[in-house]
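As the structure is a prediction and not an experimental result, all values here were calculated from the model. Excluded from the calculations below are hydrogen atoms, water molecules and symmetry mates; all remaining heavy atoms, backbone and side chain alike, are included. Lettering of chains follows the sequences in order, A, B, ..., and the numbering in each one begins at 1.
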2 protein chains.
Amino acid sequence: MPPRPHPARDLREACVDQALAIIGDVGVEALSIREVARRLGVSHQAPYKHFPSSDHLLAEVVRRTYRQFSEYLEARPRNGDPGDDLKSGGVAYFGFAREFPLHYRLLFSTPLPDPASHPEMMAEARHAFQLLYADIGWVKPGASDTERQLDALFVWATVHGLASLMQTAALDQIGLDPGVLDQAMPHALHRIGKALAP
Amino acid sequence: MPPRPHPARDLREACVDQALAIIGDVGVEALSIREVARRLGVSHQAPYKHFPSSDHLLAEVVRRTYRQFSEYLEARPRNGDPGDDLKSGGVAYFGFAREFPLHYRLLFSTPLPDPASHPEMMAEARHAFQLLYADIGWVKPGASDTERQLDALFVWATVHGLASLMQTAALDQIGLDPGVLDQAMPHALHRIGKALAP
DNA sequence: GCTTTGAGTAGACACTGTCAACTTATGAGC
DNA sequence: GCTCATAAGTTGACAGTGTCTACTCAAAGC
C-alpha cells in the first residue's frame, strides 16, 4: 500500500478517536495500537509516527477523558445553594460513571501511564478535582484549607467509592435486597449531608 | 526435560504461590502463565494441566486474596463497643490496602474473571462483605435490613473510595497540603461516625 | 535541482495465550 | 505380572501484541 495523502494532524486525531471508540465499546483492555491502525486502514506502524509509544496514546486518551468528565460535571444545572450544588455535583459525578462506565473505569480503575511522564494528563485530572474542591469551599466557608481538603477527599471518596463498587460485579452477587443499589447513591448523599452539617 | 515426579497438587499450589508473588512484586499486569511456568522451571504448558485457562488461575488467586483480606479484617482486636469496632474495621480495611496495595488493587480495581464462571471466587468476596455488614448491624440494631445494607454500602464506599483514590497517583499531583493524606482516613472515619449517629 | 525531513509501509523479534500432538509414569483390572 | 487408560508432563505451532529497524516517497527549503 502506498502512503496516503493524510495531512499529519488527521491521523493523530483519528487514532485518538478510534481509541476512545474502542474503550467505549469494549473497554481499555481491548485497546491496542495495532487494532487502532487496522480500523483506520493504515499500517501497524503508522500510529507510531504520532505517538512515541502506546502509553503516549493512552495518556492522550486519558487526558481527553478527564476533560470530558470535567465538562460533564460543569454542565450540570446549579441553583446557587451550596448544599444543593454539592449534591448535584455528586449526582453528576455518579451519572458520568453510569453513563460512561468504561470511560470512568479508564480514569479511576486502570493503571494509568506514569503520571510524571505525562504532565498534560495530570493537569486535566487536577482540574477535575478542583471542581469538587470549589464546591466544598462553598459549603464550609469558614473552614481552613486543610479542613476543606479533608472534606473534599471524604466526599470524593464516598462518591467515587460507590461508583467504583458498582462496577465491581462483586455487588451483584452479594445478596443485596432489590432496590438497594438504586437507592445507594441518594442515601450516600444524604449521609454526606449529615456528616458535613455544622 | 523428562516430566518431573511432581505429585500433581504440588504444581498447582506452586503456580498459585508464584502468581501471588508476582502480583505482590510487580502487579497483576505482569502476571502471565508463561512467567509462572518459567519461575517454576517447568514448560509453558505445564500449568494448563491444572488450570483450564489463565482466567482460572487468576480466579483462584483472587479467591485466596479475598480470603487473606477477610482474615486480615477478622484478626483486628475488638473491644465490644459497636462504634469502636466499626471504626477499627475501617482502619483494618485501610491498613490492608496500604500494606498490600497490589493485592488490594487486584481485588477492587482490576477486571476480574467473569464472576458467573467462578462461583468459589465470588463466595469468598461475599464473605468479606458480610464482615462489614455484620459490624454495621451492631451499630444500628433497630434498622431494617435494607437500611443496614444502605449504610454498609455507604461505609464501604467511603473506605474503599479513599483506599482506591490513594492508589490513583492522581492524588500526589493534585496539590494537597502536606499531611492531608495522612489525616484523610481518620477524618473520613470521623465523618462516617457523625453521619451514622442517631 | 538537490537535499532534508515527515509520514507512511514492511519485516523482524520477543513476548503473550492457547491448541495439538507426543511421552512417560502411575495405578486399576484381570 | 501384563495390559491399558489416564494424569501430568513435554515440544511445536499459530495468532495476537508492542516496538525496533530499514525502506519508500512526497513535499519543503535553499
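- With respect to R78(A) and D135(A), a salt bridge is recorded, a charged nitrogen being found less than 4.0 Å from a carboxylate O.
- A residue-by-residue look at K49(B) and S54(B) shows that S54(B) has its nearest nucleotide of DNA chain C further toward the 5' end.
- Between H50(A) and dG8(C) there is a side-chain N or O to OP1 or OP2 distance below 4.0 Å.
- For R34(A), there are no salt bridge (Lys or Arg N to Asp or Glu O under 4.0 Å) partners two or more places apart in sequence or in a different chain.
- Between Y48(B) and the phosphate of dG17(C), there is no side-chain N or O to OP1/OP2 separation shorter than 4.0 Å.
- Look at CG on D55(A): it is 11 Å from P on dG18(D), rounded to the nearest Å.
- Look at E29(B) and R105(B) and you find a salt bridge, because one of the NZ, NE, NH1 or NH2 atoms lies within 4.0 Å of a carboxylate O, short of that distance.
- L11(B) has its CG atom 13 Å from the C1' atom of dT10(D), to the nearest Å.
- Distance L58(B) CG to dT16(C) P: 16 Å, rounded to the nearest Å.
- Listed in residue order, the members of residues 27-39 of chain B having a heavy atom less than 4.0 Å from DNA chain C are S32(B), I33(B), R34(B), R38(B).
- Residue D10(A) contributes atom CG, which lies 15 Å from atom C1' of dG6(C) at whole-angstrom precision.
- Aromatic ring centres of F69(B) and F100(B) lie farther apart than the 6.0 Å criterion allows.
- Here the two rings, on H160(A) and F108(A), have centers that are under 6.0 Å apart.
- Note on E60(A) versus R67(A): no salt bridge recorded, every NZ/NE/NH1/NH2 to OD/OE distance being 4.0 Å or above.
- A donor N or O paired with an acceptor N or O is found under 3.5 Å between the base of dG12(D) and the side-chain atoms of H44(B).
- Computed from coordinates, the F51(A) CZ to dT19(D) C1' distance equals 16 Å when rounded to whole Å.
- In terms of the side chain to side chain donor-acceptor pair (under 3.5 Å) criterion, Q68(A) has no residue partners (sequence neighbours excluded).
- Checking dG8(C), dT11(D), dT10(D) against every side-chain atom of A46(B), the shortest atom distance belongs to dT10(D).
- Atom NE2 in H56(B) sits about 15 Å away from atom P in dG17(C), given to the nearest Å.
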